[in-house]
Structures are given as C-alpha cells and as structure tokens.
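Letters A, B, ... are given to chains in the order of the sequence lines, protein chains preceding strands, and every chain is numbered from 1.
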Amino acid sequence: AQSVTQPDIHITVSEGASLELRCNYSYGATPYLFWYVQSPGQGLQLLLKYFSGDTLVQGIKGFEAEFKRSQSSFNLRKPSVHWSDAAEYFCAVRGTGRRALTFGSGTRLQVQP
Amino acid sequence: DAGVIQSPRHEVTEMGQEVTLRCKPISGHDYLFWYRQTMMRGLELLIYFNNNVPIDDSGMPEDRFSAKMPNASFSTLKIQPSEPRDSAVYFCASSFRDQETQYFGPGTRLLVL
C-alpha cells in the first residue's frame, strides 16, 4: 500500500526567506506525485505534479519540487516566501493503477513579517 | 468553467438526522472522488466513480454512508443516521481520464451535534 509522510507539522519562516517542505513516499514503483495547497476554509489547489521525465518540476506561484527516487522524496521548495504563502501544504501520491490520491498529514506554513 | 461545486457549504445537524451532501463535477470530467478531512485522520478517500459507476468504496466508513452518481453532472453523499464523529470537511473532486490532476471543490463543513 502506498503512503506519504510529511515529517514537519508546522513550519515558520520569515517573509523573503527560502522554504523547503519535506515529503517522503512509500510505493513499489514510480508513483505520480503531487503537491496541493489549502488556504483556510478553502479547497485544495494543485501546485505541481510529477509523473515522469525531468525530476525537477516547476509549479504555480513560484514553487518547485524535486523527485529523488533514491530517497523516496518529493520536497517542495520556494526561493523567497511571500506572506500570502501562509497555508497548509499537502503532498500526495497516486499509484499507476488506483486513481485515488493518498495524502500526507500536511504541513502548516506560517510566514512572519 | 465554474469548477467543482459543492452544496451546502456548511451543515449543522443533530445526531440521528440524515445528511445529504451534493457535488457537481466539472463538465466533461469522468472521474469523481469524495474525500473526508478530519484532524485525527487527515484527508482520506471515501469513494470514487468512473463514468458514474463506483470503482472503489473501500474508504466508506460503514453502512451509514452511501454515495450515488445518477448522472455525469451530479453526485450525492448521504449519511443516515449521522453521528458526532462524522463531523468533518467533505470534499468532492473530479478529473478527466487523460489528465491526472484532480480538481477539488470548496468542501462542505459538517457538524453533527
């Protein structure tokens, strides 16, 4: 069975600082990987996704993520955080068969002025 | 496009009452997913449909929960009878078979007293 671990429950960064959110997955083959963002009281918005090819993927809002097979990781990064990035971030995995997503527990990002 | 539409956005009910949540997927999407989000269990799949047919209902908690998709533009998730532990945010999402992105609705926040 596939699973996703987001080891950081809560992260606080200063505005303008760089950001890295960690995600580790467990799956027998190469999965489909996603990062979603959820603002308070809102639904989930897709930031980026990885299926195959270039292991560094670019997403919306200046985010990027790198797939590292050897580490079973798919960490999300942003070089300079804006106050509007404060939200909860979810990493998700989907196997090549089952269509549903398995989500991590989420990382809540707080941005200090 | 209007995106995935869910109604109601908020529902407060008393234990034992029937609750019906509604979802309209994005036009042309042939996959529809119901997820539930709680503090204790995070985001988890309840059921998903393909071309109006339930494919995987392994996440449905118990017989009190039922979901239907009578046509391509409408789905319901029903809880009867409701219990306080059903309090959660219920998300509907849809996707198109040749794309991997699931688009989420704004969710229905359910409180069972």
Side-chain angles (χ1 to χ4, degrees), chain A residues 1-10 21 23-25 27 29-53 57-60 63 65 67 74 87-108, chain B residues 2-10 21 23-26 29-51 53-60 67 88-111:
Chain A
Q2 58 211 36
S3 66
V4 179
T5 301
Q6 293 181 247
D8 304 306
I9 296 173
H10 187 205
L21 303 182
C23 172
N24 292 95
Y25 68 89
Y27 184 65
T30 300
Y32 298 151
L33 295 161
F34 306 80
W35 275 100
Y36 281 85
V37 61
Q38 183 180 29
S39 298
Q42 302 296 314
L44 282 78
Q45 181 183 23
L46 180 71
L47 286 175
L48 48 78
K49 57 190 176 185
Y50 172 80
F51 298 152
S52 65
V57 293
Q58 302 296 321
I60 62 171
F63 285 93
F67 170 61
F74 188 57
E88 188 148 21
Y89 293 79
F90 292 92
C91 182
V93 64
R94 205 215 92 178
T96 52
R98 191 168 180 256
R99 277 274 177 169
L101 297 174
T102 298
F103 287 90
S105 55
T107 298
R108 183 168 298 278
Chain B
V4 176
I5 299 173
Q6 291 188 247
S7 64
R9 291 293 308 275
H10 302 273
L21 311 182
C23 175
K24 176 178 170 58
I26 293 173
H29 283 191
D30 52 352
Y31 282 88
L32 184 138
F33 306 81
W34 283 99
Y35 292 90
R36 179 172 67 174
Q37 185 178 34
T38 62
M39 290 292 292
M40 292 297 296
R41 300 176 64 90
L43 268 161
E44 53 183 351
L45 176 78
L46 297 177
I47 185 171
Y48 77 91
F49 296 83
N50 178 220
N51 291 323
V53 175
I55 302 300
D56 184 346
D57 65 354
S58 58
M60 295 287 266
V89 181
Y90 291 82
F91 288 103
C92 177
S94 70
S95 69
F96 184 60
R97 65 180 178 276
D98 291 337
Q99 301 173 1
E100 299 300 335
T101 301
Q102 292 184 22
Y103 295 87
F104 282 75
T108 295
R109 187 173 296 273
L110 173 65
L111 178 61

TODO: Using non-hydrogen atoms and a 4.5 Å limit, figure out which bit of B:Gln37 sits close to chain A: side chain, backbone, both or neither.
DONE: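 B:Gln37 touches chain A through side-chain heavy atoms alone.
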- [ ] Check each atom of B:Thr38 against the heavy atoms of chain A and say whether the ones under 4.5 Å are side chain, backbone, both or neither.
- [x] neither
Nearest-0.5 Å distance, [atom1] of residue [X] to [atom2] of residue [Y]:
X: A:Phe34; Y: B:Gln102; atom1: CZ; atom2: CD; value: 7.0 Å
X: A:Tyr32; Y: B:Thr101; atom1: OH; atom2: OG1; value: 12.0 Å
X: A:Phe103; Y: B:Arg41; atom1: CZ; atom2: CZ; value: 15.0 Å
X: B:Met39; Y: A:Ser105; atom1: CE; atom2: OG; value: 10.5 Å

- [ ] Identify which part of A:Gln38 has an atom lying under 4.5 Å from any heavy atom of chain B, answering side chain, backbone, both or neither.
- [x]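 When you check distances to chain B, only side chain atoms of A:Gln38 fall under 4.5 Å.
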Task: Heavy-atom proximity to chain B below 4.5 Å, by part of A:Leu44 - done: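 Both the backbone and the side chain of A:Leu44 come within 4.5 Å of chain B.
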Open item on the list: Closer than 3.5 angstrom, by distance alone: can the side chain of B:Tyr35 be matched with the main-chain N or O of A:Leu101 as a donor-acceptor pair?
Closed with: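 Yes, B:Tyr35 side chain to A:Leu101 backbone: donor-acceptor pair under 3.5 Å.
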- [ ] Please check if atom CD1 in A:Ile9 has more than 12 non-hydrogen atoms from other residues, nucleotides or ligands closer than 6.0 Å.
- [x]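 No, CD1 of A:Ile9 has 12 or fewer neighbouring heavy atoms, counting only those of other groups under 6.0 Å.
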- [ ] Mind ranking A:Gly106, A:Gly41, A:Gly43 by heavy-atom pairs under 4.5 Å with chain B and telling me who comes out on top?
- [x] A:Gly43
Open item on the list: Is the shortest side-chain heavy-atom distance between B:Phe104 and A:Gln42 below 4.5 Å?
Closed with: no
